[in-house]
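The structure appears right after this line, and notes come after that.
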Amino acid sequence: MDYNFEQIEKDWKKYWNENQVYKVTNDTSKPKCYVLDMFPYPSGAGLHVGHPLGYIASDIYARYKRLSGYNVLHPMGFDAFGLPAEQYALETGQHPVVTTEKNIARYREQLDNIGFCYDWDRQVRTSDSNYYKWTQWIFLQLFHSWYDRKENKAKPISELITKFEQSGNVGITCPGNEKLSFDAHHWNAFSEKEKRDTLMQYRIAYQGYAQVWWCEALGTVLANDEVVNGVSERGGHPVERKNMRQWFLRITEYAERLINSLDTLDWSEAMKEMQRNWIGKSSGAEVVFKVKGGEASITVFTTRPDTIFGVDFIVLAPEHTLTDIITTDAHREAVNNYVQYVKSRSERERMSEVKLVTGCFTGAYAIHPLTGKDVPVWISEYVLAGYGTGAIMAVPSGDERDHAFAKHFNIEITNIFGDKYTGQDAFSSKTGTIENSAFLSGKSIAEATEAAIQALEDEDAGERKINYRLRDAGFSRQRYWGEPFPIVYIDDIPYANDEHVISYDHNLGTLPVELPQVENYRPGPEGQGPLANLEDWVNVNIPISGNTGNDTLSFGEGRGEAIIHASRETNTMPGYAGSSWYFLRYMDPHNDSEFASRKATDYWNQVDLYIGGTEHAVGHLLYSRMWTKALYDLGHIGFDEPFKKLLNQGMIQGSTRFVYRIANTNQFVSFKKKNQYEVNEIRVDVNFVNGLELDIEAFKKWRPEYADATFIMEDDGKYICGAEVEKMSKSKYNVVNPDDIVAQYGADTFRMYEMFLGPIDISKPWDTKGIEGVHRFLKKMWRLYFDDKGLIVTNETPTDAEYRILHKTIKKISEDIERFSFNTSVSQFMICVNELAALGCHKRAILEPLAVAICPFAPHIAEELWHQLGNETSAINTTYPKFEEKYVTENSKNYPIAINGKPRTEMEFALDADAAYVESTVLTDETVIKWMEGKPLKKFIYVKGKMINVVV
RNA sequence: GCGGGUGUGGUGAAAUGGCAGACACACUAGACUUAGGAUCUAGUGCCGUGAGGCAUGGGGGUUCGAGUCCCUCCACCCGCACCA
């Protein structure tokens with residue numbers, strides 16, 4: 001009976017499906033384990049062999065945990081909103097719903113092919129309205145919240161309103177405008193619009209202005225990815241920055257918590273560092289310089305307040321609002337020219353010409369807050385408008401860029417570092433003491449920093465300040481294929497659908513706000529999204545009769561109208577909206593009254609293992625952490641970090657194959673002979689190549705132009721291709737489809753081979769050739785159970801050696817799975833089968849546990865063997881074989897004997913052998929005596945169970 | 001420049017400080033076969049006929065003992081970067 005993987009895999013997939021073997025209940029009697037994959041965006045290209053790597057690893061882990069007695073949640077879904085579907089719709093007119101549906105079906109088929117243990121009943125799709133209903137709901141929670149900096153948590157905005165009514169915003173810093181201050185009297189006198197505008201400055205989901213890429217020729221706003229080299233990717237049209245009102249999430253308020261709680265997570269250091277860098281915390285001080293002879297003052301941010309006496313000039317970002325105000329008439333033309341020059345410089349130019357020193361003097365002087373000295377104010381593109389305050393105090397003796405700037409423009413340099421500053425280069429090292437700095441002289445950097453901040457605060461000219469690189473997250477997209485906002489504008493003031501004035505109208509007040517059908521996907525007017533074209537949808541009328549309630553609104557009434565004219569928000573949410581909380585929905589996917597019940601989220605809690613690529617380091621992983629914290633603050637869930645353990649799978653790269661066409665001919669020369677000719681390198685589909693040997697017939701059929709190609713072979717008559725490792729991609733013809741591999745070798749072989757390739761977190765090239773070894777292994781394992789005629793498993797009692805192999809394997813596999821070392825697990829199975837085969841073992845007491853042990857890796861063959869051995873239930877419902885120490889303990893060990901660290905011989909000793917006995921026996925051994933060369937013994941090292949070292 | 005990571009046979013790779021190269025691929029020879037892209041056996045880091053010596057990017061150190069720990073240099077990969 002041969003290993004007929006095709007039949008076996010087909011049969012058991014059907015069985016699992018019909019018997020709902022992978023159905024997961026929220027059964028609280030068992031300990032839980034939540035194993036999650038980053039859900040895919042269902043692209044039109046389908047899966048290649050690189051995609052399932054992480055899914056296979058998580059599937060193995062999930063199955064292992066289930067067999068070990070856990071209730072395991074291991075779901076899958078689709079991140080279905082996104083730009084490609086919309087672009088495709090724009091080109092072909094096919095509705096994204098249709099293409100998305102089609103792509104998902106294809107993905108589903110490919111995933112099912114591999115035999116994952118997902119409970120598809122829990123599937124989520126971000127584009128389903130019963131899912132995005134809750135995405136909109138969470139957005140509203142963020143809209144109705146503000147961040148209390150004192151208690152460091154998000155709170156309902158209603159509490160804030162109460163405070164404002166009682167005492168204004170005293171002591172409640174406004175994140176949108178830190179200078180904002182008003183008392184209760186002011187607040188109560190505010191108009192509706194003023195109140196709403198003020199609250200907007202506090203909300204966690206808020207509106208502000210931001211620049212987007214606008215392409216006049218295409219009449220649309222473009223994503224960063226769609227702008228390449230300063231022109232639109234499509235068509236190569238010019239693009240410009242356009243300021244638009246947009247939604248934001250106030251993630252900056254969470255910056256500190258997002259940094260701090262990284263320490264509690266089991267993520268790779270690289271991943272944590274990426275997040276830390278992205279958040280970019282730096283501490284220092286803000287210093288205020290009054291502008292001489294005017295009202296204005298310049299606030300700078302510095303991480304080195306200790307160098308305050310070394311300030312020789314000030315630099316503003318050219319875009320700084322003060323630039324225009326402080327520039328003197330004498331310098332205005334030069335400054336304008338310079339600002340114009342900076343505008344003309346693309347990001348790319350600025351990035352590639354970092355060393356270029358440019359700038360312009362404004363003619364203005366600022367007054368040094370501690371010395372009273374005049375400090376010239378310059379503008380330069382090396383100061384970025386978007387970071388810090390957009391202005392710096394330049395200390396040329398201590399900062400390389402300031403130094404280069406001072407040298408270039410002949411600005412006199414104050415030395416505050418004594419001998420350490422040579423005049424040649426800035427002394428930017430953070431060591432030693434500060435000199436030539438009044439009361440700071442002689443102090444260490446740390447001391448001087450403290451003293452300087454103190455002095456500045458005393459003078460009311462500055463304060464301690466922590467600055468973050470992180471910006472608030474833009475949450476508006478001028479697109480169609482995304483979640484609509486549950487927001488309606490009345491007199492240009494945004495209201496949430498669940499606010500009284502809106503929710504009075506049931507159609508408007510109920511979630512979800514369904515994404516409406518559109519005729520086409522062209523952008524709306526003035527950079528708005530396609531939804532803006534739907535006038536009937538955008539414009540709504542809300543009857544006012546009875547709509548008074550607690551609202552202070554008087555819309556309509558004063559105007560003698562019976563209805564309120566309102567219009568909907570026409571932007572949609574960004575791709576990361578739906579993926580920021582999907583892991584919560586899996587816990588309770590059919591709940592239509594909550595995003596997930598508290599009972600379900602309390603039970604499943606954090607994701608125990610999250611597997612995915614590093615490309616989401618600062619996007620998805622940061623946003624979902626923030627959403628989790630916000631939901632936690634507002635009391636909706638009981639944990640504030642979503643992913644306890646994160647495992648990043650490496651990329652599987654493509655291995656591209658090349659053929660070499662002799663220039664201007666249709667003749668191809670094999671790899672080793674290509675240097676004898678002038679050749680063109682041509683990528684050839686890797687699927688026509690067996691290892692490096694080209695399948696000439698397949699190649700000829702590939703393209704008509706190759707049909708009558710001729711070939712110069714190697715001396716052995718083969719055509720050998722060149723090879724190179726590249727990213728797996730269609731255009732490089734190196735894509736390998738898992739379906740093809742599964743068809744040829746079976747899903748079990750495919751799963752084990754992907755794991756066998758190497759450590760899960762390392763990138764490595766795909767090599768179809770190597771899969772033979774794993775396939776041979778499964779066939780060999782099969783032959784432990786079957787011969788030509790059928791089952792050959794006996795009920796004989798196993799020998800010690802057989803038990804030892806089994807239990808060594810169980811131990812190793814369990815340890816390896818727990819440390820995610822799946823490649824070594826596969827090796828161990830191979831060792832186990834090789835040894836059992838060598839012993840001719842066909843015993844049930846060994847083979848039945850082995851079938852269960854391999855179930856996480858090769859579930860189909862495991863299930864077949866398990867049933868062939870007479871079991872009725874699914875193998876996944878039994879328990880993982882238990883490791884028993886007694887089978888592997890040995891009472892003696894063959895010790896390597898080293899003389900001076902060099903292994904020279906081996907000797908067998910009982911494990912409890914007495915040290916003195918071992919020493920005397922070893923020292924009288926002939927080989928040992930020979931290698932000691934008559935030298936006296938210096939030291940005898942006997943490490944029980946390890947080795948023996950004789951030092952002479 | 002800063003941060004993170006990786007360097008071991010022809011290839012993918014193993015190795016709680018304890019016999020480096022397990023397990024595979026590929027290759028070589030052989031067996032069984034009409035056949036082999038099936039199966040099995042043996043060999044396969046380098047030098048050396050051999051005994052033996054040399055080998056984990058280079059150099060140094062700690063240790064009885066280092067691929068593993070420490071220092072230093074080099075190369076490659078990833079992320080960030082005129083960040084004040």
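Note on naming: letters A, B, ... go to the chains in the order of the sequence lines (proteins, then strands), and numbering restarts at 1 for each one.
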Task: Neighbour count above 12 (heavy atom, 6.0 Å) for A:D2 CG - done: no
Open item on the list: Work out how far the P atom of B:G79 is from that of B:G67, and round it to whole angstrom.
Closed with: 33 Å
Open item on the list: Tell me if B:G9 is syn or anti. Syn = glycosidic torsion within 90° of 0, anti otherwise.
Closed with: syn
Open item on the list: As a test of reading the structure: which of B:A26, B:A84, B:C54 is closest to the side chain of A:S282, going by heavy atoms?
Closed with: B:A84
Open item on the list: On the nucleotide B:C83, are OP1 or OP2 found under 4.0 Å from the side-chain N or O atoms that A:R401 carries?
Closed with: yes
Open item on the list: Can you tell me which residue among A:W766, A:Y745, A:F822 is in a ring-ring contact (aromatic ring centres under 6.0 Å, His included) with A:Y753?
Closed with: A:W766
Task: Nearest-Å distance once atom C1' is located in both B:G50 and B:C69 - done: 38 Å
Open item on the list: So if I take every side-chain heavy atom of A:K780 and compare against B:C40, B:G12, B:C25, which nucleotide ends up nearest?
Closed with: B:C40
- [ ] Nearest whole angstrom, please: distance from the C1' of B:A26 to the CD1 of A:I720.
- [x] 12 Å
- [ ] Using a cut-off of 6.0 Å, state whether more than 12 heavy atoms not belonging to A:E908 lie near its atom CD.
- [x] yes
TODO: Measure from the side-chain heavy atoms of A:K930 and tell me the nearest of B:G52, B:A24, B:C83.
DONE: B:G52
Open item on the list: Can you check the distance between B:A26 and B:C76, where both ends of the measurement are the C1' atom (answer in whole Å)?
Closed with: 25 Å
Task: Nearest-nucleotide pick for A:L384, side chain only, options being B:A38, B:A84, B:G4 - done: B:A84
Open item on the list: Please report the distance separating the C1' of B:C47 from the corresponding atom of B:U68, rounded so that it comes out in whole Å.
Closed with: 27 Å
TODO: Any strand is fair game: report the nucleotide pairing with B:U49 by Watson-Crick or G-U wobble, both distances under 3.5 Å, or none.
DONE: none
Open item on the list: The test is ring-ring contact (aromatic ring centres under 6.0 Å, His included); show your working for A:Y719 and A:F699 and say whether it passes.
Closed with: CA-CA 11 Å; A:Y719 187 96; A:F699 176 72; 7.7 Å; no
Open item on the list: From CH2 of A:W766 over to C1' of B:U11, roughly how many Å is that when rounded to an integer?
Closed with: 15 Å
Open item on the list: Tell me if the aromatic rings of A:Y942 and A:Y895 count as close, with their centers under 6.0 Å from one another.
Closed with: yes
Open item on the list: Could you identify the nucleotide paired to B:U28, looking across every strand shown and requiring Watson-Crick or G-U wobble geometry with both distances under 3.5 Å?
Closed with: B:A42
- [ ] Starting at atom CE of A:M271, determine the distance to atom P of B:G3, rounded to an integer number of angstrom.
- [x] 20 Å
Open item on the list: Need one value for A:N690: base, sugar-phosphate or nothing, where a base atom within 4.0 Å counts as base even if backbone is also close, heavy atoms only.
Closed with: nothing
For nucleotides 62-68 of chain B, tabulate all protein N/O to nucleotide N/O atom pairs closer than 3.5 Å, reporting atom names and distance.
unit_1: B:C64; atom_1: OP1; unit_2: A:K939; atom_2: NZ; d: 3.4
unit_1: B:C64; atom_1: O2'; unit_2: A:N949; atom_2: ND2; d: 3.2
unit_1: B:C64; atom_1: O2; unit_2: A:N949; atom_2: ND2; d: 2.6

- [ ] Classify the angle between the aromatic ring planes of A:Y387 and A:F301 as parallel (below 30°), tilted (30 to 60°) or perpendicular (above 60°).
- [x] perpendicular
- [ ] Using a heavy-atom cut-off of under 4.0 Å over every strand shown, decide if A:N834 touches base, sugar-phosphate, or nothing.
- [x] sugar-phosphate
Open item on the list: Taking the minimum atom-to-atom distance to the side chain of A:Q744, which one of B:A15, B:G37, B:A24 wins?
Closed with: B:G37
Task: Nucleotide opposite B:C76 in a Watson-Crick or G-U pair, distances under 3.5 Å - done: B:G5
- [ ] Consider the side chain of A:Y387, meaning its heavy atoms from C-beta on, and name the nucleotide among B:C83, B:G79, B:C23 that approaches it most closely.
- [x] B:C83
TODO: Could you verify whether a donor N or O on one side chain and an acceptor N or O on the other, from A:Y338 and A:T358, lie under 3.5 Å apart?
DONE: yes
Open item on the list: Can you see if the side chain of A:R783 gets near the phosphate of B:C40 - specifically, an N or O under 4.0 Å from OP1 or OP2?
Closed with: yes
Open item on the list: With a 3.5 Å limit on both atom pairs, tell me what B:G18 is paired to, counting Watson-Crick and G-U wobble, or say none.
Closed with: B:C64
TODO: Tell me what A:E381 touches on the nucleic acid: a base, only sugar-phosphate, or nothing, going by heavy atoms under 4.0 Å.
DONE: base
- [ ] Kindly compute the distance separating CE (A:M830) from NZ (A:K780), expressed to the nearest 0.5 Å.
- [x] 10.0 Å
TODO: Mind calculating the distance between CG (A:L757) and C1' (B:U11) to the nearest angstrom?
DONE: 12 Å
Open item on the list: Go nucleotide by nucleotide along RNA chain B from the 5' end; which of A:I762 and A:G388 gets its closest nucleotide reached first?
Closed with: A:I762
TODO: Pick base, sugar-phosphate or nothing for A:V383, based on heavy-atom distances below 4.0 Å to the nucleic acid.
DONE: base
TODO: Hey, can you tell me if A:H368 and A:F289 have their rings parallel, tilted or perpendicular (30° and 60° cut-offs)?
DONE: perpendicular
- [ ] Could you work out which one of B:C54, B:A38, B:A15 sits closest to the side chain of A:K902?
- [x] B:C54
Task: B:A15 and B:U6, which share atom name P, separated by this distance in whole Å - done: 13 Å
- [ ] Report the C-alpha separation of A:Y421 and A:H403 in whole Å, then their side-chain angles, then the decisive distance to 0.1 Å, and conclude whether the ring-ring contact (aromatic ring centres under 6.0 Å, His included) test is met.
- [x] CA-CA 11 Å; A:Y421 171 67; A:H403 194 261; 5.5 Å; yes
Open item on the list: Rounding to an integer number of Å, can you tell me how far A:K727 NZ sits from B:C78 P?
Closed with: 11 Å
- [ ] Can you tell me, in whole Å, how much space there is between the C1' of B:U56 and that of B:C19?
- [x] 15 Å
TODO: Please tell me which of the listed nucleotides, B:G3, B:G52, B:G4, lies nearest to the side chain of A:N277?
DONE: B:G3
Open item on the list: For A:K811, I'd like to know if atom NZ has over 12 heavy atoms of other residues, nucleotides or ligands within 6.0 Å.
Closed with: no
Open item on the list: Any base atoms under 4.0 Å from A:R471, or only sugar-phosphate, or nothing? Heavy atoms, all strands.
Closed with: nothing
- [ ] Would you indicate, yes or no, if B:A81 has its OP1 or OP2 atom less than 4.0 angstrom from a side-chain nitrogen or oxygen of A:R469?
- [x] yes
Task: A:R776 side chain near B:C23 phosphate (N/O to OP1/OP2, under 4.0 Å) - done: no
TODO: Can you figure out which of B:C23, B:A84, B:A13 approaches the side chain of A:F301 most closely?
DONE: B:A84
Open item on the list: As a test of reading the structure: which of B:A20, B:G37, B:A22 is closest to the side chain of A:S827, going by heavy atoms?
Closed with: B:A22
Open item on the list: Can you tell me if A:N467 touches the phosphate of B:C83, counting only side-chain N or O atoms and a distance under 4.0 Å to OP1 or OP2?
Closed with: no
TODO: Could you tell me the separation between the CD atom of A:E319 and the C1' atom of B:C82, rounded to a whole number of Å?
DONE: 13 Å
Task: Parallel, tilted or perpendicular: rings of A:Y3 and A:H775 (30°, 60°) - done: tilted
Open item on the list: Work out how far the C1' atom of B:G12 is from that of B:U8, and round it to whole angstrom.
Closed with: 13 Å
TODO: Could you tell me the separation between the CD atom of A:Q828 and the P atom of B:A13, rounded to a whole number of Å?
DONE: 20 Å
Task: First encountered from the 5' end of RNA chain B, between A:M830 and A:P765 - done: A:P765
TODO: Report which part of the nucleic acid A:E906 touches: base, sugar-phosphate, or nothing (heavy-atom distance under 4.0 Å, all strands).
DONE: base
- [ ] Using the P atoms only, state how far B:G45 lies from B:C40, rounded to an integer number of Å.
- [x] 22 Å
Open item on the list: Using a 4.0 Å heavy-atom cut-off, does A:K779 contact any base of the nucleic acid, only the sugar-phosphate backbone, or nothing at all?
Closed with: sugar-phosphate
Task: Assigned partner base of B:A81, Watson-Crick or wobble definition, under 3.5 Å - done: none
